[in-house]
Amino acid sequence: MSKSSKDQTVFYSIEGSTIRNFIIIDCISGTGIYYVVKVVTTSIVIGMISSIVGTVEMKKLSKRKLLKNP
C-alpha cells in the first residue's frame with residue numbers, strides 16, 4: 001500500500017446547542033459567579049473555587065432537568 005491510501009481525515013460534528021450551552025454556562029455564568037464572590041469576599045482564591053463549583057453544579061442541574069423532561 002502506498003502512504004497516501006493510509007492517510008485519513010476525521011471530521012467531528014458539534015451541535016450548536018452544545019456550543020451555546022458551553023458559552024452560557026462556562027464562560028458567562030462562571031465569570032459572573034467569580035466576580036460576585038470576589039467582590040463580596042475580596043478573595044481571588046474563593047472566587048475561583050466558587051466559580052468552578054458553581055459551573056459544575058449548574059451542569060448537574062441541567063442534566064437532571066433533561067432526564068426528567070425527555
Side-chain angles (χ1 to χ4, degrees):
M1 261 193 236
S2 67
K3 184 180 177 192
S4 63
S5 64
K6 291 182 183 179
D7 292 338
Q8 293 182 357
T9 304
V10 179
F11 290 97
Y12 288 100
S13 167
I14 302 173
E15 295 179 4
S17 62
T18 305
I19 295 170
R20 186 187 69 227
N21 288 340
F22 170 75
I23 291 173
I24 291 171
I25 293 176
D26 286 335
C27 297
I28 297 173
S29 299
T31 304
I33 292 170
Y34 168 76
Y35 281 114
V36 167
V37 173
K38 184 179 159 229
V39 167
V40 171
T41 63
T42 64
S43 173
I44 294 173
V45 175
I46 295 173
M48 286 190 302
I49 292 170
S50 63
S51 173
I52 293 167
V53 171
T55 55
V56 169
E57 290 300 319
M58 289 175 71
K59 288 178 187 178
K60 286 182 185 178
L61 288 174
S62 67
K63 285 182 183 178
R64 280 190 216 151
K65 182 180 175 184
L66 289 174
L67 291 176
K68 286 185 179 180
N69 299 325

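Treat the numbers as computed from the prediction; the structure is a model and nothing was measured. Heads up: numbering here begins at 1 and tracks the sequence.
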Check the hydrophobic clustering (I, L, V, M, F, W, Y; side-chain heavy atoms under 4.5 Å; chains of links allowed) and say if Ile28 and Val36 are grouped together.
no

Are side-chain heavy atoms of Asp26 and Lys59 found at a separation under 4.5 Å?
yes

Phe22 with Ile14, same ILVMFWY side-chain cluster at under 4.5 Å
yes

Atom CD1 of Ile44: over 12 foreign heavy atoms under 6.0 Å
no

Work out which heavy atom in Thr31 is nearest to a heavy atom in Cys27; give both atom names and the distance.
OG1-O, 2.6 Å

With distance as the sole test, does Ser50 use its side chain to make a donor-acceptor pair with the main-chain N or O of Gly47 at under 3.5 Å?
yes

Heavy-atom pair of closest approach, residues Tyr34 and Ser51
CB-CB, 4.0 Å

Matching residue for Met58 among Asn21, Ile25, Ile24 - test: side chain to side chain contact (heavy atoms under 4.5 Å, CB included):
Ile25

According to a hydrophobic-cluster definition based on side-chain heavy atoms being under 4.5 Å apart (Ile, Leu, Val, Met, Phe, Trp, Tyr only), do Tyr35 and Met48 belong together?
yes

For the CD1 atom of Ile33 and the CD1 atom of Ile52, what is their distance to the nearest 0.5 Å?
11.0 Å

